[in-house]
Amino acid sequence: MNEENAFWPVLTARVSAEKWILILSALIAIVLIASGMHPGIVFLFWLVLAAALLSRSVAAAPPSVPVMQASAAGGDQLDTLVIVLNALDMPVLVVAADETVLLQNLAAEKAFGTIPQNTYLAARVRSPGILDMVRETISTGKINQIEHSERLPSEAVYIVRVAPAEISIDGGRQLYILSYRDISQARRIDRMRSDFVANASHELRTPLASLRGFIETLQGPARNDVKAHEKFLGIMHEQATRMSRLVDDLLSLSRLELKSHIAPDEKVDLAPLLGHVIDSLSPLAQDVDVTIALDVPDAPVFVHGDRDELIEVFENLIENACKYGQEGKKVEVTLSGGDEGSPVEVAVRDFGPGIPTEHVPRITERFYRVNVEASRSKKGTGLGLAIVKHILTRHRARMIVQSELGKGTLFTVRF
Ligand code: ADP
């Protein structure tokens, strides 16, 4: 930005700011002329007064334009710095040695609001940790960084770093670059990962502890008890199966995570696929005394997808509907759409107890169950819907859950 370009907008702004003094002095001038003073002399005096007023204002005025552009008038290096900092997605403030803010990039403006130029850093940055760190860097010239949490406008964790930078404005001036690296997302992922490991270990530890207990009993007190052998071996088999189901689900999840960014490109007709899933689930449906009704259009309904993964999705949804909606006695599976650009939808409806509203947003989280005991007794791992969600994300499809207590639940998959 050059000097001339900066001068006219500032002058216009100052005329507007000083307009009342200018108007008042013009009125006084008119009164003086009316009372007999020479108009030329009065006009000359008014002109000198106005020029003095405006030149003082222009020189002293803090620019009302955002810090970033106003400061760019400082020189070539600063111009380049403005361009570079604005291209960064992390908030950056450039602070002078007197602790005033000289520049603020666009990301900082978005994160912390506009900071007028020459504002003291302490007036906008309340954290004593950051202020002490900046002061230390100003006095020692050493790079410093600290971790800092913000609560407003939303919770965020930053690594705040300050580093000295020599920029040749005003004949060489020491500046300090204060940058905020947002690590909130990384923190969230870390927490999710450790929660996941803790949950997975806990899920595996329970059947393992039960297996060890039974092995010890069979080796000790029940060594010669044939009846106990039979009973305990049955339970041990159940626990081992539970563990292998869990390991299968965990492997399935990690496989899906690896290819989550690759969209599947097979063309799959959903009508026969749903028929196949329902056939394979009919023994389970019979066990729990549930009838599954399938309603599909006559014409094929194609989606781009991975056949095996789509089978896994509908197996999970229909199995859940049979298990948790058992008392409703029936499950309806409906395939619709696909013609004239309408979205393809698969609806799985049960008439069971439903899911309490507060649980609905969380049921696709790993290991989240509305009722842990009910899920375990129905051979659930708490991973089924998490797998479904992963597969659907990869298929660019989404799942809508509608549930009414006492009436049942409707899971809709929309492609
Ligand atoms: P699980 O292996 O426990 O079945 P899911 O991830 O498949 O795990 O489901 C998570 C939880 O969501 C279940 O434990 C159950 O509480 C609830 N849920 C899922 N489907 C239904 C349904 N059709 N009706 C009622 N609750 C359901």
Side-chain angles (χ1 to χ4, degrees), residues 192 195-196 199-207 238-257 274 277-278 280-281 284-285 287-294 309-334 345-394 397-413:
M192 269 169 63
D195 282 357
F196 176 64
N199 279 328
S201 318
H202 176 77
E203 291 292 329
L204 284 169
R205 214 171 35 209
T206 319
E238 222 171 74
Q239 295 297 344
T241 316
R242 180 174 153 198
M243 280 171 63
S244 80
R245 255 199 322 268
L246 195 68
V247 172
D248 285 348
D249 278 357
L250 287 171
L251 286 174
S252 196
L253 260 181
S254 81
R255 260 196 308 270
L256 284 166
E257 263 176 356
L274 288 171
V277 171
I278 290 172
S280 69
L281 286 175
L284 171 102
D287 273 359
V288 292
D289 196 19
V290 167
T291 327
I292 308 174
L294 174 63
E309 287 182 11
L310 290 175
I311 289 179
E312 202 169 348
V313 165
F314 297 114
E315 258 175 10
N316 264 305
L317 294 181
I318 300 171
E319 188 181 326
N320 277 353
C322 292
K323 286 190 316 192
Y324 299 107
Q326 184 178 357
E327 59 199 55
K329 299 271 183 226
K330 63 173 176 176
V331 168
E332 290 172 359
V333 181
T334 314
E345 283 190 352
V346 179
V348 178
R349 183 193 290 276
D350 69 64
F351 300 86
I355 305 169
T357 319
E358 66 274 21
H359 293 285
V360 172
R362 300 198 57 190
I363 53 171
T364 53
E365 287 176 21
R366 295 160 183 198
F367 296 114
Y368 192 85
R369 289 112 149 185
V370 176
N371 180 328
V372 177
E373 276 322 305
S375 156
R376 286 211 180 121
S377 70
K378 292 173 195 298
K379 302 193 168 71
T381 58
L383 292 174
L385 291 180
I387 293 175
V388 166
K389 190 177 150 193
H390 260 86
I391 296 178
L392 293 182
T393 307
R394 185 163 118 75
R398 61 195 203 100
M399 182 168 75
I400 303 136
V401 186
Q402 290 158 293
S403 192
E404 210 176 322
L405 279 184
K407 296 214 165 143
T409 309
L410 171 64
F411 283 85
T412 309
V413 174

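Just follow the structure's listing: the first ligand is 1, and inside any ligand the first atom is 1.
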Next item on the list: Check step by step if side chain to side chain contact (heavy atoms under 4.5 Å, CB included) holds for L250 and F196.
Entry: CA-CA 10 Å; L250 287 171; F196 176 64; 3.3 Å; yes
Checklist line | side chain to side chain contact (heavy atoms under 4.5 Å, CB included) between M399 and F411, intermediate numbers included | finding: CA-CA 7 Å; M399 182 168 75; F411 283 85; 3.8 Å; yes
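Here the options are E365, E358, H359, the test is side chain to side chain donor-acceptor pair (under 3.5 Å), and the partner is R362; only E365 passes.
Pairing each heavy atom of L281 with each of E319, the nearest pair is CD1-N, 3.8 Å.
For atom 21 (C) of ligand 1, the nearest protein heavy atom (residue, atom name, distance) is Y324 CD1, 3.7 Å. Of all protein heavy atoms, the one closest to atom 16 (O) of ligand 1 is V370 N, 3.1 Å. Summary of contacts: the protein heavy atom closest to atom 14 (O) of ligand 1 is R369 CG, 3.2 Å. Atom 7 (O) of ligand 1 has N320 ND2, 2.9 Å as its closest protein atom, hydrogens excluded (heavy atom only). Here the protein heavy atom with the shortest distance to atom 23 (N) of ligand 1 is D350 OD2, 2.8 Å.
Residue F411 has at least one heavy-atom neighbour below 4.0 Å for each of these atoms of ligand 1: 20 (N), 23 (N). Heavy-atom contacts of G384 reach the following atoms of ligand 1: 5 (P), 6 (O), 7 (O) (cutoff under 4.0 Å). Near I363, meaning under 4.0 Å from any of its heavy atoms, are these atoms of ligand 1: 10 (C), 12 (O). Atom numbering of ligand 1 starts at 1 in the shown order; those under 4.0 Å from a heavy atom of Y368 are 10 (C), 11 (C).
We find that R255 and E312 are not joined by a salt bridge, their nearest charged nitrogen and carboxylate oxygen being 4.0 Å or further apart.
On a distance-only criterion, N316 and ligand 1 share no N/O pair closer than 3.5 Å. The distance criterion of under 3.5 Å between nitrogen or oxygen atoms is met by L385 with respect to ligand 1.
The shortest separation from a heavy atom of G382 to ligand 1 is under 4.0 Å, placing the residue in contact.
Of the candidates S375, G408, G380, the one placing a heavy atom closest to atom 3 (O) of ligand 1 is S375. Of all the listed residues (I355, V401, I387, T409), I355 holds the heavy atom that lies closest to atom 27 (C) of ligand 1.
F351 carries K330 over the face of its six-membered ring, with the cationic atom under 6.0 Å from the centre and within 45° of the normal.
Atom CZ of R369 sits in a crowded spot, with more than 12 heavy atoms from other residues, nucleotides or ligands closer than 6.0 Å.
Side-chain atoms of T393 come within 3.5 Å of backbone N or O of K389 as a donor-acceptor pair.
To the nearest 0.5 Å, atoms CG (L317) and OG1 (T409) are separated by 11.0 Å.
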